[in-house]
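I have placed the structure first, in the form of structure tokens, so that the comments after it can refer back to it.
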Number of protein chains: 2
Amino acid sequence: MQFLLNGRFVEDAEARVPVSDRGFLYGDAAFDTLSAYGGRPFRAQAHLQRLVQSAAALRIELPVSIEQTEADLQRVIDRNAVSEAVLRVCVSRGSGPRGPSIRGEFRPTYLIGCYPAPSKPSVPIRLQTVGVRRTPAQSLPPYAKTANYLNSILALAEANDAGADEALMLDQRGCIAECAYSNVFFVADGTLLTPSLESGIIAGITRSAILELARDARIPVREADLEPALIAEADETLVTNSVRGIVPVGAIDGRTFAAPGRVTALLSLRYWELVARETSFG
Amino acid sequence: MQFLLNGRFVEDAEARVPVSDRGFLYGDAAFDTLSAYGGRPFRAQAHLQRLVQSAAALRIELPVSIEQTEADLQRVIDRNAVSEAVLRVCVSRGSGPRGPSIRGEFRPTYLIGCYPAPSKPSVPIRLQTVGVRRTPAQSLPPYAKTANYLNSILALAEANDAGADEALMLDQRGCIAECAYSNVFFVADGTLLTPSLESGIIAGITRSAILELARDARIPVREADLEPALIAEADETLVTNSVRGIVPVGAIDGRTFAAPGRVTALLSLRYWELVARETSFG
């Protein structure tokens, strides 16, 4: 695959950054991950708006406009002649003086990576509630997608140790927050439930799409503080992210679910219809 | 300066890593920073023991032994023919499969960077208590020094905005934790006070040296939970890190201190004597 690194196409294996890049030194970078379907990026505008917010939270100035970035995403898709792919846009603070201060001159590193799409369809996955708690909003802005990803990495490793595929993470209060790299939803008594953004989670683009689709389908929706007791009571569980869309959950902490459940299956169908409408996919 | 990258010396400006390196993607790396004085690394063993602990917390296997790393530190000092320098040892997880999982094959990146020593002497600095709270132990192991440094970067930026040089950070309970890149000490009624390691702070090598020196000098020492009210009551404040040693604090949040105070001056003297003894510096 060819990556676009600071405006130039390079073979992925040849794409390198200086070790003085703050992305490498400190994870001092904003990024966003999205999918291409039928040769078009899905919801690029929403992803790039979030990238702008993430970069602003870190006070990293984007080296190019949103319009240029959107055009660059399409250039990467076209250059690699891919129909379905995963795209990762990253803007690091770049190189500058030694030490953690952001005063001084930095020239951001701007990278679009392109990766093979995951195989479909998504089979039901197993979640494990982990001890690693989501980093609170007082410590890092939760709405920013940054390269400080160890909180998720350690949570996922703990879930993998327990034989699960994804980690269910609680916030500092003990309420359900999100998964290591997905948002989480439950269905109970016909209502679709998901933690509210106020609980300090990432504002997932797929999460937002699912909420739209549920409202269109007249499924009652509730964004709220969710206690772990819900795991025992829910009829269905699903997770969402921009790489896999909707993924049914077959088990949490050993409790099993019939997956995909009725609501999950309906939302999944509607989601792929939405993708097809907006990208002429399928 | 020449850096040692995966066992080879390269000019700092030429040292590069693949963009697929997890250090760049996720800040998925452990590091430690130390100083060389008189051509010898100071307390290399303690720093490398901490690096081993940091890497273990991230489940990154060090590609070389502690003994080899210590020898490599000396090789970097000798290669650059520096007497005083700052050394940064970093081990990232390296490149592997896409996504946050640590399952699969990774070949760690091992880097020793060498930087000019800061100018001396350390003039009194200004601290500012910031809104950004130290990431809690439940979210990331506080004893691990990792390349997930945004919590410190954002705290420091907030302090800089207020015209201060360093950020005084509180923990999630509101107790004093540490600074963005230093440990903090207070002197009140002749006692040296510092937050205990249980409050979720980094176990600073210089912090540990200062506690030794204070005990040797029969200065009463207390490691405890410290309330922000102490700022108004303290007679002296100082911060420590392995780049600058002891730095007197001249002001916190607008409250000024005579700096360096009597205890700070004594500990500073003793610290440089210790450095001289162990490195034949000076």
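When reading the values below, keep in mind they use all heavy atoms of this one structure, side chains included, and skip hydrogens, waters and symmetry mates. Since this is a predicted model, take the numbers as computed values, not measurements. So that the names make sense, note that chain A is the first sequence line, chain B the second, and so on, each numbered from 1.
A:I153 has its side chain within reach of B:R93: a pair of non-hydrogen atoms, C-beta onward, lies under 4.5 Å apart. Residues A:F24 and B:T109 have side chains in contact (heavy-atom distance under 4.5 Å, counting atoms from C-beta outward). Between A:F3 and B:V19, some side-chain heavy-atom pair lies under the 4.5 Å cut-off. Side-chain contact between A:L154 and B:P141 is present, with heavy atoms from C-beta onward closer than 4.5 Å. Between A:R103 and B:N160, the closest side-chain pair of non-hydrogen atoms falls below 4.5 Å. Residues B:V86 and A:R98 meet the side-chain proximity criterion, which asks for heavy atoms closer than 4.5 Å. Contact check for B:S139 versus A:Q172: side-chain heavy atoms found under the 4.5 Å cut-off.
In this structure, chain B has no heavy atom under 4.5 Å from any part of A:A155. For a residue to count as touching a neighbouring chain, one of its non-hydrogen atoms must lie under 4.5 Å from one of that chain's; by this rule B:A180 does not touch chain A. Interface remark: A:N241 contributes no atoms to any contact with chain B (heavy atom separation under 4.5 Å).
To the nearest 0.5 angstrom, A:T135 atom OG1 is 8.5 Å from B:N151 atom CG. Here OG1 of A:T146 is found 7.0 Å from CG of B:N148. Values are rounded to the nearest 0.5 Å. Taken to the nearest 0.5 Å, the CE atom of A:M169 stands 10.5 Å off from the CD atom of B:Q138. Rounded to the nearest 0.5 Å, atoms CG (B:L140) and CG (A:L150) are 6.0 Å apart. A distance of 11.5 Å separates OG in B:S92 from CG in A:L25, rounded to the nearest 0.5 Å.
In this structure, A:R88 satisfies the cation-pi test against B:Y26, with its NZ or CZ atom closer than 6.0 Å to the six-membered ring centre and inside 45 degrees of the ring normal.
Most heavy-atom pairs under 4.5 Å with chain A: of the set B:T33, B:L156, B:L5, this distinction falls to B:L156. Interface check for chain B: of the options A:R22, A:R59, A:E14, the most heavy-atom pairs under 4.5 Å are formed by A:R59. Residue with the most contacts toward chain A among B:I102, B:D28, B:V243: B:D28 (heavy-atom pairs, distance under 4.5 Å). Taking B:S101, B:G27, B:P136, B:P100 one by one and counting their heavy-atom pairs under 4.5 Å with chain A, the maximum is reached by B:P100. Interface check for chain B: of the options A:C90, A:A159, A:A15, the most heavy-atom pairs under 4.5 Å are formed by A:A15.
Other residues, nucleotides and ligands contribute at most 12 non-hydrogen atoms within 6.0 Å of the CZ atom of A:R107. In this structure, B:E11 places its CD atom where more than 12 heavy-atom neighbours from other residues, nucleotides or ligands lie under 6.0 Å away.
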